[in-house]
Amino acid sequence: MAFDLTDNVHHADHGRVQQLEHFQQPFVAVPPGDTALEDMADVPRVSASTAQGLADHYLHEVAPIYGIDAAMLPGNGRADSLTGPESDTGRSRLELADEKEILGTTVVSYQQKYGSLPVWEAGVSVTIQPGPMRVTASQSSVQGEVLLPEESLTAGQYGPEAITPAVLVSLLGVQSAPTLNATPCRLVYQYDPDRRFDPEARAATGERLEEVPPTLSLPPVPGGIAPQEFRVVTEVLFTLPVPGHPALNWRAFVDAATGAVLYLRALTACATGMVFRTDPLTAGGAAPAPAPTDPAATLNPFRSTVLLEGLAVASPQQLSGDFVKLVDTAPPVAVPPNTPSPAGNFFFDAPAREFAAVNAYHHCDWLFRQMAGMGFNLSTYFDGTVFPVPVDAVAFNDQVNARAPGNATGTGSGGFEFGLAGAPFPAVSIAADRRVVLHEFGHTLLWDSVHSPNFGFAHSAGDGLAAVFMDPESSLRTDPVKRFQTFPWILPDRNHGRDVATGWAWGGVNDIGGYSSEQILSTTHFRLYRSLGGDSENLDQRRLAARQTMYLIFRAIGSLAGGPITPTPNPGVFTTALMNADIGTADFEGYLGGTHHKVIRWSFEKQGLFQPPGAPTPVTAPGAPPAVDVFIDDGRAGEYQFQPVHWETTEIWNRLAPNPGGGVHETPVVGLTNHAYVRIRNRGSQPATNVVVRGYSANPGVGLSWPGDWKPMDIAQISVPGGVPAGGSAVVGPFRWRPQSIGHECMFMEVSANGDPSNIDPATFFPCAAGPTAEWRLVPFDNNLAQRNVAPVAGGGGLRGLLSSFVERRFTVRNPFDHQVRIVLKAFLPPFLAERGWTARLENGGNKAVFGLAAGESRPVAVTLRPGQDFTREDLLQAGAGVRIRVVATADGMTVGGMTYQLDPELVSAPREHADHQPIGLDHAEIDAAIRESELQGEVPATVGAGAAVAASGEGRAAGTTGGAAHHPNGDGEVGRILDRLGASEELRGRIQRVTLREVDVSIEMDTGHEPGAGNGGSAN
Ligand SMILES: [Zn+2]
């Protein structure tokens, strides 16, 4: 019986049928002599005893459906020599190519050939199920339109014999010669400009977490080759490394006639696998966290699906790629898993051997990939290592252990070996604890640079990598104990919060090398990370701090001298290497070098390095600051603990007259000459000499960059005669300056001394000194620099006084990045105001404003307040100093600056900010408007509007405000105006006792019931 298209045959039809699926209408093979199926008259069937025999018959049946010319079918015997180009299909035919069986299902496939040349990705496959043997599906990619001149099939200047590495260099437009991996061969390819490069590589890098497939910048295709034209090409398989891929395999199709590369693919595969992204304890969400030896049902929920990147294409797919390959060398025996290609999913139970392998592949590969993504050239950094390195995920005879051995000559990585995270088996592999992999990677870094797995002064920097990298997203981050356990899940005794006073100083009783000193180092690294942003409330900022710290560690280790000398006899050598890593950074993802070296030194200083001469040993105290360390106190006494707000330095202040005024700040006045002052200090042990202070003002705003936005004051620099003694201070000024805009102020001060220049001093040659360097990357990390964005507002004049300070109050937000960012502004009110029902409004909206800003763009933002309860100067004095309104700006999650408005009890109304303008009075129309609006919102007890008793709705607050004599709402106050608009008559008004305003609904209570219709009051919207 014939095979017809019925409702039981499903076909994917895109202009031409490409796929048939017919589970309910199988095409059945009846073996010769089998009578069992003969009665089923309506079943399509054929006599066949083999899969190929069945497939051949089936193909003849479905050829018309697929639009395949019968002359192309196998067995129709159209020999090459007998055909001419007059037929539509020319010399195309289908040839049996493969038969494979997977778990009982057989797939027979046919390759389309044109003459003797295969047509790329053209053919038919037939899916056959057993019992009875029957076809249930098929697909076709046959190209019916291939037509090529006879002579082109064998001709061409760039045929297989012409392809050499040297020829490829020119055809690919690359610098170094590729290695040929197979004998090139000819095939027919339909050129498609949209598929010349891997479509995956077009994904915008900003939108993808994963790396896009690597590609090359090829010379253009000559205009004579038309899109969709069939061409005879030479397929070339070769190896060519590119950054991040030390041994990358490629496929290219070279046009045989012109040499143009019409198709290029990197042969990497991305399978998916399930791993522990973090150990279950760090991941959180279960109390208590499961143990490594718990059953799969308990552990499996902690798995995540990840991409396994860089896998070399193979069938079946192996866990072997650019950087690592899974092996089985050490006992116990456990062959690494593979999956059918290309559909491979490496999903396994958490306690399984295979899960160990998948974690080992992912976590080790990911670390190399991180480094490549940071811009490190891995072939030079790991110049002694042969990639991919071997990884045995099931080693150590199932003991709890891990190792990063060297290679045979001790000059590079020999890969990784992992045991279990808990014994006995079945248990989760220690490779599933990413913290352990990070520790081992510390050794991998050292092998290539110092030809040893260890520092001279400590085991390695691996604990620091684990501590820093895992912190930003850790559920333990807010736990004061567990946050500092480096391996909380399996080894809680290793700690990166070690106390100098209890022997964990550099030079302390526990500084004995090995794991002990490694904890001193990890504590030091963790302090650096916290200061750079690891203690931020913003996840993005913590991630950036972790990435920067890891980058500095990678870079510092890579810069150490190799053997045979002991490259790091003491921590000082590594401190210097880290500081050099900073100042040598031209630009790491927008971070310009030179901004971090003082924080690095401080991190070691706080851990007991840099002891003053004659200090007692063993060390139990932090070290000494630099001999000369001039600074402006931003509240940290010259130190570098994390500071979320970097613009509130009040040791910079302004005066209207040229006298320091005891440090009391006066609001800068536009149109007048103002006088800036700063107090500088010296926390060093030596006198600071040749001390110079420079003053800058900035056109209003947040997100300011050095040097473009910092304008030198009219007196730009003042030398301090006699310098500053050790531990001393000096007030420096006046810096004459003329503010340009009202509504804000922004003053920067920079102090330098012999031996202690600021990071923006051009004599340092630091990249950050040349800039542009954003204030948020600069000011918090250099105690020689300080910024004041603190404006006094009236706190002594109650509700109207404070409101007067926010009439015309605005500032500018700038985008200091070189790309578009998402700005989030948030206003934070002090409890003093929040408890009284005050709220802030940004851009006339709520206390939060969100908008995008293009690179370098800026935008003015209005700040206003919606009043709550009134307050007195005495109330404010009782609340203590530091009652401040803060507006904080983040750009893509980074705090880039802010404005602070300090309530000043000595100001009763808005300070004058412009010489030619009248100060804002307490009766300003906008103040009335703000109060009125609050009433309409029902937020304020109204004492406004002559002759009206207005009660706020909702809260009991209303009671107090309507107490006392009732007022008839006949006056010219707000209520009177509303009643006018409602058309209330004089007579009606005379009987009104009480008016309640709520949003825009007005309800009116009448005093008597003798006008029934009026009892429900009127309302207006
Ligand atoms: Zn180790």
Side-chain angles (χ1 to χ4, degrees), residues 275-294 298-299 301-304 350 359 363 400 402 420-423 427-442 458-504 510 515-543 545-547 549-550 553 603 606-607 641-642 644:
V275 301
F276 281 175
R277 281 170 45 84
T278 60
D279 63 87
L281 185 56
T282 304
T293 47
D294 277 358
T298 312
L299 288 161
F302 291 90
R303 297 175 304 170
S304 303
N359 277 269
H363 296 339
V400 177
L420 294 176
V428 175
S429 164
I430 206 166
D433 188 334
R434 210 173 194 170
R435 295 170 179 270
V436 173
V437 182
L438 281 152
H439 172 93
E440 298 307 327
F441 197 70
H459 182 71
S460 89
D463 280 12
L465 294 176
V468 167
F469 183 79
M470 299 307 289
D471 186 72
E473 292 164 74
S474 170
S475 72
L476 308 176
R477 197 177 61 82
T478 51
D479 185 315
V481 174
K482 290 200 167 71
R483 186 188 186 195
F484 298 95
Q485 293 173 353
T486 313
F487 309 96
W489 194 39
I490 57 171
L491 205 61
D493 288 346
R494 284 261 274 284
N495 197 293
H496 50 270
R498 293 296 191 185
D499 183 7
V500 167
T502 58
W504 296 92
N510 293 318
Y515 292 123
S516 192
S517 294
E518 177 161 19
Q519 294 175 70
I520 299 174
L521 183 61
S522 64
T523 303
T524 307
H525 283 146
F526 200 67
R527 179 180 292 108
L528 171 64
Y529 152 75
R530 293 177 69 185
S531 174
L532 295 184
D535 275 1
S536 170
E537 287 301 306
N538 300 336
L539 172 61
D540 289 326
Q541 210 151 344
R542 297 197 296 273
R543 282 189 183 137
R547 196 166 165 80
T549 307
M550 290 178 76
I553 294 171
S603 299
K606 296 301 280 184
Q607 205 63 34
Q641 292 88 358
F642 174 70

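Atoms considered below: every heavy atom in the structure, side chains included; atoms not considered: hydrogens, waters and symmetry mates. A quick note: this is a predicted structure, and the numbers were derived from the prediction, not measured.
Looking at every heavy atom in both residues, E518 comes nearest to A458 through N-CB, 3.8 Å. Contact between G534 and R542 at its shortest, heavy atoms only, is O-CD, 3.3 Å. In plain terms, the two heavy atoms of P292 and G422 that are nearest each other are CB-N, 3.7 Å. Nearest heavy atoms, T293 versus A427: CG2-CB, 3.8 Å. Closest non-hydrogen pair, A461 versus I553, comes out as CB-CG2, 4.0 Å. Between P472 and A546, the shortest heavy-atom contact is CG-CB, 3.7 Å.
Proximity of a side-chain donor or acceptor of D294 to a complementary backbone N or O of A291 within less than 3.5 Å is detected. Between the side chain of H363 and the backbone N or O of F276, at least one donor-acceptor pair lies under 3.5 Å. Side-chain N or O atoms of Q607 include one that pairs as donor or acceptor with a backbone N or O of W504 at under 3.5 Å. Side-chain N or O atoms of D499 include one that pairs as donor or acceptor with a backbone N or O of A501 at under 3.5 Å. Here the side chain of Q519 pairs no donor or acceptor atom with the backbone of R494 at under 3.5 angstrom. With hydrogens and angles ignored, the 3.5 Å screen pairs no side-chain donor or acceptor of R498 with any backbone N or O of I520.
Between the CZ atom in F484 and the CG atom in L476 there is a gap of 11.5 Å [rounded to 0.5 Å]. To the nearest 0.5 Å, atom CZ of residue R434 and atom OG1 of residue T278 are 8.5 Å apart. Note that NE2 of H459 and OG of S517 are 11.5 Å apart. Values are rounded to the nearest 0.5 Å. Taken from CG in D479 to OG in S474, the straight-line distance is 8.5 Å, to the nearest 0.5 Å. Taking OG of S475 as the start and CG of L281 as the end, the distance is 6.5 Å to the nearest 0.5 Å.
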Practice item. Go through L438 and M550 one step at a time and tell me if the side chain to side chain contact (heavy atoms under 4.5 Å, CB included) criterion holds. Key: CA-CA 11 Å; L438 281 152; M550 290 178 76; 4.0 Å; yes
Exercise for review: May I have the step-by-step check of side chain to side chain contact (heavy atoms under 4.5 Å, CB included) for V428 and N359, ending in yes or no?
Suggested key: CA-CA 10 Å; V428 175; N359 277 269; over 6 Å; no
Point to revise | Stepwise side chain to side chain contact (heavy atoms under 4.5 Å, CB included) check, K606 with V500 | key: CA-CA 8 Å; K606 296 301 280 184; V500 167; over 6 Å; no
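For the side chain to side chain contact (heavy atoms under 4.5 Å, CB included) test, residues two or more places apart in sequence or in another chain that qualify with A545 are Y529, L532. Legend: residues meeting salt bridge (Lys or Arg N to Asp or Glu O under 4.0 Å) with D535, ordered by chain and number and at least two apart, are R483, R530.
Applying the side-chain hydrogen bond (donor to acceptor under 3.5 Å, both in side chains) definition to pairs two or more places apart or across chains, those involving residues 279-289 are D279-T282, D279-R435, T282-R435.
Taking 4.5 Å as the limit, every side-chain heavy atom of L491 sits out of range of all side-chain heavy atoms of T486. Residues L521 and D463 have side chains not in contact (no heavy-atom distance under 4.5 Å, counting atoms from C-beta outward).
Between F487 and H439, the ring planes lie perpendicular to each other; the angle is over 60°, past the 30° to 60° tilted range.
Within a 6.0 Å sphere centred on CZ of R277, other residues, nucleotides and ligands contribute 12 heavy atoms or fewer.
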